[in-house]
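Note sheet for the following structure.
Just so it is clear, the model here is predicted, and its values are computed rather than measured.
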Amino acid sequence: MAKFTRPTGTLDILPEDQPYWEYILACAATVARDYGFARIDVPIFETTEVFARGVGAGTDIVDKEMYSFKDKGGNDITLRPEFTAGVMRAYIENGMHVLPKPVKLYSTGPVFRYERPQAGRYRQLYQFNAEILGEQNPLADLEIMLIAWDIYARLGFTNLAFQLNTTGCPVCRPGYIEHLRAHYHVHYSKICDDCKVRIDKNPLRVLDCKREQCQPVIASAPKMVDHVCDDCAAHFAELRAYLDDLGKPYTLNHRLVRGLDYYTKTVFEVWAEGIGAQSAICGGGRYDGLIELLGGSPTPGVGFAAGIERAVLLMKAQNVPVPIPPSPPVFIAYLGDAARMHAVRLLAQLHEVGIGAQIAMSGSLKSQLRQADKRGARFAVIIGEDEMAQGLVTLRSLALGTQEAVPFVLLDDVIRRQIT
RNA sequence: GUGGCUGUGGCCUAAUGGUUAAGGCUCCUGACUGUGACUCAGGCAACUGUGGGUUCGAGUCCCACCAGUCACCCCA
């Protein structure tokens, strides 16, 4: 047992897994840029208040999942549990409201939540995040959803389910919650203990209770869509019209509620099977009141976050292939001190013209060639006394087992010709 | 925070309560002196998660703790 181990809920992303990460992050960034998004990087930690206000007191994230501490200056600091609040803070602080609207931003990096880890759940996790600020039109909601769609499609996922709902707005949601509470009050004796707490503390959450006993009560519960105001209804209808016209399959899910306080109108998630009990690989929605809440001028926004670990898990579960970055094609082996000096020059010569090459650092020629093979080189360049005397190197194809004598000065040309 | 399961070299796995914990993979070295993969031979590497207890004797049984894992809560 190693003396030191990873902190609970963290992950070492080993070289063998890096191709997944590079592929997913590159794909997500490409799609976002194709939609006109610019990258923004904000600090990994913020003043605690940014999240406490932004995410919302009463949410699980703020109540029990934040990594908070006092720094040496006595400031209350929290490792970001999500991107949106920090990005909104940056938008306000940097006067980004003067940028041409809508402002489209994406980010990627780690976020932190103090939870008990399980399949697809970690304390440090990576997210890809995108936001559209300053646009009330449902086209912004649509574009956010399309990005998620395109990323997963481009990666090669299948059997994904898009879940869609509307959570109303400050105008209509309070009324709906009253209907919901009334309904639950009638069936109070039939619901689980957790729901008895939820209906007061976080009423929408009763809708996604998984307990068997609560299912009939949920099924007969009033639906948000039936109680939204005209504005929210029109917004939702327009978004759905776009999705329907594009033929994007989605499931209307009246039970889809999200754990963050700031959502208004549209909420959506992307579900997949294959990562244990966790099915959401992506989630997002509209948050029209957030920027104002954080001290900015009233600005609508919509965004989403995708979990990278879950995407990696899913790619493995679905056997989605990923491109493997190629090894440097050349491995340089040598015999003797004089040849080693020359081998170093060959190494430099190849790198000057952009040909990837490694040089043996020790071992017999046999051992050096074994290294060449293990490292996935396509060619071994061998230089010894014989070659030195003639101004040649032996260029051996590891795949074919053939080799030829090549003059020093022509080595890069010959290799280039063979690898292209 | 709660509950179930698990814990033997870097990885996988073996060992009726009984000698110096066995094997496979990986890694390294070598097989007539300058040639990889396949084969063969050898080598490195574990006080069996930690601490107690039961026993003449514990990797094996019991307890605690720790860690991992899965699930709940909730979310990516």
Which value, in whole Å, describes the distance between the [atom1] atoms of nucleotides [N] and [M]?
| N | M | atom1 | result |
| --- | --- | --- | --- |
| B/rA46 | B/rU55 | P | 32 Å |
| B/rA22 | B/rG59 | C1' | 13 Å |
| B/rA45 | B/rU2 | C1' | 40 Å |
| B/rG57 | B/rC27 | C1' | 37 Å |
| B/rU50 | B/rA67 | C1' | 10 Å |
| B/rA31 | B/rG36 | C1' | 15 Å |
| B/rG7 | B/rU60 | C1' | 14 Å |
| B/rC65 | B/rU13 | P | 27 Å |

Base-pairing mate for [N] - Watson-Crick or G-U, with both contacts under 3.5 Å:
| N | result |
| --- | --- |
| B/rU50 | B/rA64 |
| B/rA45 | none |
| B/rG34 | none |
| B/rA71 | B/rU2 |
| B/rU16 | none |

Centroid-centroid distance, A/Y67 to A/Y114, less than 6.0 Å: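 Yes: the rings meet the under 6.0 Å criterion.
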
Do A/H187 and A/H183 make the cut of ring centroids closer than 6.0 angstrom?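 Here the rings of A/H183 and A/H187 have centres that are less than 6.0 Å from each other.
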
For [X], which contact category applies under a 4.0 Å heavy-atom criterion: base, sugar-phosphate, or nothing?
| X | answer |
| --- | --- |
| A/F128 | nothing |
| A/E385 | base |
| A/E82 | nothing |
| A/G363 | nothing |
| A/Q124 | nothing |
| A/A280 | sugar-phosphate |
| A/I281 | sugar-phosphate |

Please tell me which of the listed nucleotides, [options], lies nearest to the side chain of [X]?
| X | options | answer |
| --- | --- | --- |
| A/L365 | B/rC72, B/rG34, B/rU69 | B/rG34 |
| A/Q278 | B/rC74, B/rU35, B/rA76 | B/rC74 |
| A/Q127 | B/rG30, B/rG34, B/rA76 | B/rA76 |
| A/A119 | B/rC70, B/rG34, B/rG36 | B/rC70 |

Donor-acceptor pair under 3.5 Å: do we get one between [X]'s side chain and the base of [N]?
| X | N | answer |
| --- | --- | --- |
| A/R396 | B/rG36 | yes |
| A/E115 | B/rA76 | yes |
| A/Q403 | B/rU35 | yes |
| A/R116 | B/rU2 | yes |

Considering only NZ, NE, NH1 and NH2 on the basic side and carboxylate oxygens on the acidic side, decide whether A/D337 and A/R340 come within less than 4.0 Å.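 The answer is yes: the pair qualifies as a salt bridge.
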
Salt bridge or not between A/R416 and A/D412? Use side-chain N to carboxylate O under 4.0 Å.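 A salt bridge is absent here (no side-chain N lies under 4.0 Å from a carboxylate O).
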
Over how many whole Å does the gap from [X] atom [atom1] to [N] atom [atom2] extend?
| X | N | atom1 | atom2 | result |
| --- | --- | --- | --- | --- |
| A/L392 | B/rU35 | CG | C1' | 17 Å |
| A/E16 | B/rC11 | CD | C1' | 10 Å |
| A/F379 | B/rG36 | CZ | C1' | 15 Å |
| A/D373 | B/rC38 | CG | C1' | 11 Å |
| A/I24 | B/rA76 | CD1 | P | 17 Å |
| A/L125 | B/rC74 | CG | P | 18 Å |
| A/D12 | B/rG68 | CG | C1' | 13 Å |
| A/Y334 | B/rU35 | OH | P | 16 Å |

Does [X] make a side-chain N or O approach to OP1 or OP2 of [N] shorter than 4.0 Å?
| X | N | result |
| --- | --- | --- |
| A/T394 | B/rU35 | no |
| A/Q118 | B/rA71 | yes |
| A/T59 | B/rC74 | no |
| A/K366 | B/rG36 | yes |
| A/K374 | B/rC28 | yes |
| A/S367 | B/rC28 | no |
| A/R198 | B/rC74 | yes |

Closer than 3.5 angstrom, by distance alone: can the side chain of A/R375 be matched with the main-chain N or O of A/Q358 as a donor-acceptor pair?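 No, A/R375 side chain to A/Q358 backbone: no donor-acceptor pair under 3.5 Å.
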
Would you please say whether a donor-acceptor pair under 3.5 Å links the side chains of A/D150 and A/Y35?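 Yes - a donor-acceptor pair under 3.5 Å links their side chains.
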
Residue pair A/Y91 / A/E131, side-chain donor-acceptor N/O under 3.5 Å: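 Short answer, no.
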
Is the A/Y126 ring parallel, tilted or perpendicular to the A/W21 ring (thresholds 30°, 60°)?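 Perpendicular: the ring planes of A/Y126 and A/W21 meet at over 60°.
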
Heavy-atom check, side chain of A/V406 versus side chain of A/L392, under 4.5 Å: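 No - every pair of side-chain heavy atoms lies 4.5 Å or more apart.
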
Residue mapping more 5' on RNA chain B - nearest nucleotide basis, A/Q371 or A/L398: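 Residue closer to the 5' terminus by nearest nucleotide: A/Q371.
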
On RNA chain B, check which nucleotide each of A/D60 and A/R6 is closest to and give me the residue with the more 5' one.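 So the residue in question is A/R6.
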
